[in-house]
There are 2 protein chains.
Amino acid sequence: MNNLFKALNDPTRRQILDLLRGGDLNAGEIAERFDMTKPSISHHLDLLRQAGLVEATKQGQFINYSLNTTVLDELLAWLMSFQKTETSTTEKTQQPR
Amino acid sequence: MNNLFKALNDPTRRQILDLLRGGDLNAGEIAERFDMTKPSISHHLDLLRQAGLVEATKQGQFINYSLNTTVLDELLAWLMSFQKTETSTTEKTQQPR
DNA sequence: TGTTTAATTAGATAGTTGTCTAAATGATTA
DNA sequence: TAATCATTTAGACAACTATCTAATTAAACA
């Protein structure tokens with residue numbers, strides 16, 4: 001979970017994820033969409049990969065990056081658990097035992 | 001959104017959020033549940049407050065902290081949008097136009 | 001009014017992060 | 001096989017973060 005939050009805590013990396021929703025891209029294609037050097041993008045891709053958010057597959061000279069959202073399920077579950085258990089100040093609903 | 005991810009990118013802060021699900025607590029009560037000094041916890045609470053995840057209300061000498069999960073809705077929506085739009089390598093489902 | 005209590009603010013410091021340039025790796029092709 | 005191209009790795013550096021101790025603020029109360 002730590003790696004996941006870390007990976008998501010950067011606007012560039014979140015943009016990369018958004019970008020990959022449109023389909024797989026290789027490292028160069030990703031890099032050219034940002035005003036940043038290739039090594040920097042490569043670093044971001046590495047962190048995304050460490051978090052399991054993208055998969056890198058070598059295709060000849062190129063490295064193809066594809067989105068993997070299954071990791072987000074855990075986060076989604078964590079978030080949704082907040083929607084239920086909260087005893088907020090606005091609602092004051094009695095929670096069943 | 002940036003502040004939100006930043007706030008969530010720390011295990012102590014996530015623990016504080018989990019803690020507050022059981023009900024409101026004041027700063028001291030939160031601090032004594034961690035192996036960390038009060039100023040450090042105070043700092044974490046400040047970041048959570050900046051992200052809108054907790055609300056601080058002064059009650060006499062004490063400062064009460066309560067969870068506010070409405071901010072998580074935005075994040076939840078962002079995450080859920082990934083569950084839909086993905087054209088993954090494992091599924092290869094034809095996406096309708 | 002002086003002291004205690006709750007909490008924050010200030011300032012310091014070690015560690016982490018994002019970015020860059022330069023160098024290295026590995027595949028393609030002339 | 002030499003040159004080129006795609007990408008990563010290495011190393012440096014400024015900015016940011018988490019933590020601490022010490023000092024400050026503000027409320028409660030004897």
Side-chain angles (χ1 to χ4, degrees), chain A residues 1-20 22-68 71 75 89, chain B residues 1-20 22-68 71 75 89:
Chain A
M1 201 81 149
N2 239 323
N3 271 359
L4 181 56
F5 279 111
K6 181 173 160 180
L8 294 175
N9 186 30
D10 181 276
T12 302
R13 289 194 288 271
R14 293 196 298 272
Q15 271 180 268
I16 291 174
L17 292 180
D18 277 331
L19 205 55
L20 290 176
D24 296 5
L25 293 171
N26 61 47
E29 290 170 327
I30 295 170
E32 72 190 11
R33 282 168 172 80
F34 291 88
D35 192 17
M36 197 178 287
T37 64
K38 283 183 189 185
S40 297
I41 293 295
S42 184
H43 173 60
H44 286 306
L45 288 170
D46 187 42
L47 292 179
L48 288 171
R49 205 178 41 68
Q50 279 178 43
L53 285 164
V54 303
E55 269 175 42
T57 58
K58 192 155 196 169
Q59 283 176 2
Q61 204 174 6
F62 302 84
I63 294 182
N64 187 271
Y65 282 91
S66 68
L67 200 54
N68 179 359
V71 202
L75 174 53
T89 52
Chain B
M1 201 80 150
N2 239 323
N3 270 359
L4 181 55
F5 279 111
K6 181 172 160 182
L8 294 176
N9 186 30
D10 181 277
T12 302
R13 289 196 287 272
R14 293 197 297 272
Q15 272 180 266
I16 291 174
L17 292 179
D18 277 331
L19 204 56
L20 289 176
D24 296 5
L25 293 171
N26 61 47
E29 290 170 326
I30 295 170
E32 72 189 11
R33 281 169 172 80
F34 291 88
D35 193 16
M36 197 178 286
T37 64
K38 281 183 190 184
S40 296
I41 293 295
S42 184
H43 172 61
H44 285 306
L45 288 170
D46 187 42
L47 292 179
L48 288 171
R49 205 179 40 69
Q50 278 177 46
L53 285 164
V54 302
E55 269 174 42
T57 57
K58 192 154 197 172
Q59 282 176 4
Q61 204 174 5
F62 301 84
I63 294 181
N64 188 269
Y65 282 90
S66 68
L67 200 54
N68 180 359
V71 201
L75 174 53
T89 54

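Naming convention: chains lettered A, B, ... in sequence-line order (proteins, then strands); numbering from 1 in each chain.
- Annotation: side chain of A:Val54 is in contact with side chain of A:Leu17 (closest heavy-atom distance under 4.5 Å).
- In this structure, the CD atom of B:Gln15 is 15 Å from the C1' atom of D:dA18, given to the nearest Å.
- Projected onto DNA chain D by closest heavy-atom contact, A:Leu45 and B:Gln61 fall at different nucleotides, the more 5' of which corresponds to A:Leu45.
- Within 4.0 Å (heavy atoms only), A:Arg49 reaches no atom of the nucleic acid at all.
- The 5' end of DNA chain C is approached more closely, in terms of each residue's nearest nucleotide, by B:Lys38 than by the other of A:Met36 and B:Lys38.
- First and last contacting nucleotides of DNA chain C toward chain A (any atom under 4.0 angstrom from a heavy atom, 5' to 3' order): C:dT17 to C:dT28.
- Between the CZ atom of A:Phe62 and the C1' atom of D:dT8 there is a distance of 15 Å, rounded to whole Å.
- Residues B:Met36 and B:His44 form a side-chain contact, since some pair of their non-hydrogen atoms from C-beta on lies under 4.5 Å apart.
- Counting any heavy atom pair closer than 4.0 Å across all strands shown, B:Asp46 reaches no nucleic acid atom.
- Residue B:His43 is in base contact, counting any heavy-atom pair closer than 4.0 Å across all strands shown.
- For the pair B:Ile41 CD1 and D:dA18 P, the interatomic distance rounds to 12 Å; values are reported in whole Å.
- Among the atoms of the strands shown, none is found under 4.0 Å from any heavy atom of A:Phe34.
- Rounded to whole angstrom, the span from the CG atom of B:Leu47 across to the P atom of D:dA18 amounts to 6 Å.
- For the pair B:Lys6 and D:dT17, the criterion of a side-chain N or O lying under 4.0 Å from OP1 or OP2 is met.
- Here A:Asn26 reaches the OP1 or OP2 of D:dT7: one of its side-chain N or O atoms lies under 4.0 Å away.
- Of the possible donor and acceptor atoms, one in the side chain of A:Arg14 sits under 3.5 Å from a partner among the backbone N and O of A:Leu8.
- Rounded to whole Å, atom P of D:dC16 lies 16 Å from atom CG of B:Asn9.
- Which of D:dT19, D:dA22, D:dA27 sits closest to the side chain of B:Lys58 comes down to D:dA27.
- A 4.5 Å side-chain heavy-atom check between B:Thr57 and B:Ile63 finds every atom pair outside the cut-off.
- With contacts defined as side-chain heavy-atom distances shorter than 4.5 Å, the pair A:Asp10/B:Phe5 does not qualify.
- Between the side chain of A:Arg13 and the backbone N or O of A:Lys6, at least one donor-acceptor pair lies under 3.5 Å.
- Atom CD1 in A:Ile63 sits roughly 8 Å away from atom P in D:dT9 (whole-Å rounding).
- Residues B:Leu25 and B:Tyr65 form no side-chain contact, since every pair of their non-hydrogen atoms from C-beta on lies 4.5 Å or further apart.
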